[in-house]
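Written out below as structure tokens is the structure these notes cover.
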Amino acid sequence: MNNKILNKIKSKKIKIAVIGLGYVGLNLLIKFAKKKINIVGIDKNIKRISLLEDNKSPISYIKNKEISSIKKFTNYSSNLKDIISCDFIIICLPTPLDKKNKPDLSHIIECMKKIKKFLQKGQTIVLESTTYPGTTEDIILKNLKNFTVGKNFFLGYSPEREDPGSKKFNIYNTPKIISGYTKNCLKIINSLYSNIIKKTVVSKSIKNAEASKIFENIYRSVNIALVNEMRFLLETLKIDIDEVIDLAKTKPFGYSEFRPGPGVGGHCIPIDPLYLSWIAEKHGYKSEFIKLASFVNIKTTKLLAKKIIDSAKNKKNKKILIVGLSYKKNIDDTRESASIKILNILERKGFEVYFLDKFVKNVKINNKPRVSIKNDYKLLKKFSITIIGTDHDYFNYKKIFTNSNLIVDLRNKYKFKHKKILKF
């Protein structure tokens, strides 16, 4: 069976199901389809499926022409039963935190409950969702009791390394970690991803691969927390944090550059590290360092919001504009966005807050629909403060400067000093 599957992969006579068509899943689907591999994209979001069937992208940085260019090799569905005809099932479902900041794996658990009755001999499941070490075996393997994994069914984990909106890194040129439950599993999964990846990196175990993804994000979380704390520390000493970083980064070894910002957003940095600290506590170890970094990153957003409030409290005009609402530039993803957190804090203090972001034209904040103002820089004169929350490339920062009454630059877009530019 092993050789038969490898031959099917080599001849591209396979069919792949991608479950979950978000930022990770849809990009993965496109890359396989461009290699003329038949693929079915499955998502419970009916609106998203309808858009894709009409050759329209539901994600801002993925163009409609990319969706239409792969039409011949793709089908879209909201029915998990469609995995029956597939050789590979790649799961790219969200793994958020619950209200108690504990891992919420309900999407994966529910998915496995629904698909296990449709699974066939010879199929392969690969989990790509970021999660704590042990998830693949705890949740997916336990639903494969009707099979002999490694002989008539195959299982692995391959963490996503998506950098949404990046023009430098993509699926092809970013080394991809792969793992398999057995050597046969590993061989098959490696062969599959080699179709779309320049370099695969083999992990000795599934748990190692799961841990590596979280460790990558913890590294970023800790360093972002460090540089944000340094920002406030050096401010008390009247030292310029940006020049300090510029000086430090001239060292050609032992230093990686991080810049202070309004806080952390997205899925990777605010959420993923807590998955590892949670599983560590389940095994009797308390990871204070991970929790501290998370605390500092949350505190950063609150401190910056307080400084903005202090700067605006004596102004008669209570209208404030946030420029950029997504959690990072050039995308429409607002998950855990620091800009939204600042918006909420300011509104609770009685300010009238608006936002400008062509990527996020419509969004629900606290279940209330919100709409971006027009991309007309003359409108900035109406606001007492303009906050640079997310530094999209399309913004004209010269016009923002000219038309704003006071700018709070949270992204260090202005390298010069001016009385109407505040940097915290």
If only atom types and distance count, is the side chain of [X] paired as donor or acceptor with the main-chain N or O of [Y] below 3.5 Å?
X	Y	value
Arg231	Gly261	yes
Lys204	Ala209	no
Ser221	Asn217	no
Ser69	Glu66	yes
Asn170	Tyr172	yes
Ser277	Leu274	yes
Asn64	Lys56	no
Asp409	Tyr414	yes
Asp240	Asp242	yes
Ser205	Asn208	yes

Considering the options Leu51, Ile49, Asn55, which one meets the side chain to side chain contact (heavy atoms under 4.5 Å, CB included) requirement together with Glu53?
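Answer after filtering Leu51, Ile49, Asn55: Ile49.
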Worked verdict on Leu141 versus Val149 for side chain to side chain contact (heavy atoms under 4.5 Å, CB included):
CA-CA 8 Å; Leu141 183 63; Val149 178; 3.7 Å; yes
Between [Y] and [X], is there a side-chain donor-acceptor contact under 3.5 Å, judged purely by atom types and distance?
X	Y	value
Asp104	Ser106	yes
Ser294	Asn297	no
Thr386	Ser404	yes
Thr136	Glu210	yes
Asp332	Ser326	no
Lys15	Ser85	yes
Tyr61	Ser166	no
Lys187	Asn2	no
Asn190	Thr200	yes

Could you measure the distance from the [atom1] atom of [X] to the [atom2] atom of [Y]? Nearest 0.5 Å is fine.
X	Y	atom1	atom2	answer
Ile89	Leu80	CD1	CG	9.5 Å
Ile206	Ser158	CD1	OG	11.0 Å
Lys199	Ser194	NZ	OG	12.5 Å
Ile178	Ile189	CD1	CD1	7.0 Å
Ile37	Thr74	CD1	OG1	13.0 Å
Asn146	Lys117	CG	NZ	13.5 Å

Do [X] and [Y] sit within salt-bridge range, that is, some charged N less than 4.0 Å from a carboxylate O?
X	Y	answer
Arg335	Asp333	yes
Asp246	Arg259	yes
Lys176	Glu128	yes
Lys286	Glu281	no
Asp87	Lys13	no
Lys329	Asp393	yes
Glu347	Arg370	yes
Lys307	Glu235	yes
Glu137	Lys142	no

Any idea how Phe416 and Phe401 line up, ring-wise: parallel (<30°), tilted (30 to 60°), or perpendicular (>60°)?
perpendicular
Test Ile331 against Lys328 for side chain to side chain contact (heavy atoms under 4.5 Å, CB included), laying out the working first.
CA-CA 7 Å; Ile331 65 170; Lys328 64 173 287 189; 3.3 Å; yes
For the residue pair [X] and [Y], establish whether any side-chain heavy-atom pair is separated by less than 4.5 Å.
X	Y	result
Pro262	Arg411	yes
Leu93	Cys111	yes
Ile19	Ile90	no
Leu28	Ile16	no
Glu352	Ile320	no
Ile214	Thr131	no
Ile197	Ile171	yes
Leu356	Phe395	yes

Side chain to side chain contact (heavy atoms under 4.5 Å, CB included) between Tyr255 and Glu257, worked out:
CA-CA 7 Å; Tyr255 179 83; Glu257 181 187 355; 4.2 Å; yes
Counting only heavy atoms not in [X] (residues, nucleotides, ligands), do more than 12 fall under 6.0 Å from its [atom1]?
X	atom1	answer
Lys12	NZ	yes
Lys113	NZ	no
Glu229	CD	no

Report yes or no: is the cationic atom of Lys413 (NZ for Lys, CZ for Arg) under 6.0 Å from the centre of the six-membered ring of Tyr397, at an angle within 45° of the ring normal?
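Yes, a cation-pi geometry.
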Near-ring test Tyr181/Phe153, centroid separation under 6.0 angstrom
no
Check: His392 ring centre within less than 6.0 Å of Tyr394 ring centre
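Centroid separation for His392 and Tyr394: below 6.0 Å.
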For Asp357 and Ser372: C-alpha separation, side-chain torsions, deciding distance, then whether side chain to side chain donor-acceptor pair (under 3.5 Å) applies.
CA-CA 6 Å; Asp357 195 323; Ser372 170; over 6 Å; no
With Phe383 as reference, evaluate Tyr377, Phe355, Tyr354 under the ring-ring contact (aromatic ring centres under 6.0 Å, His included) test and give the passing residue.
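Result: among Tyr377, Phe355, Tyr354, Tyr354 is the only option passing the ring-ring contact (aromatic ring centres under 6.0 Å, His included) with Phe383.
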Locate the shortest heavy-atom distance separating Leu276 from Pro133; write the atom from each residue and the value.
CD1-CD, 3.8 Å
Test Lys213 against Tyr157 for side chain to side chain contact (heavy atoms under 4.5 Å, CB included), laying out the working first.
CA-CA 11 Å; Lys213 171 59 179 176; Tyr157 178 78; 4.3 Å; yes
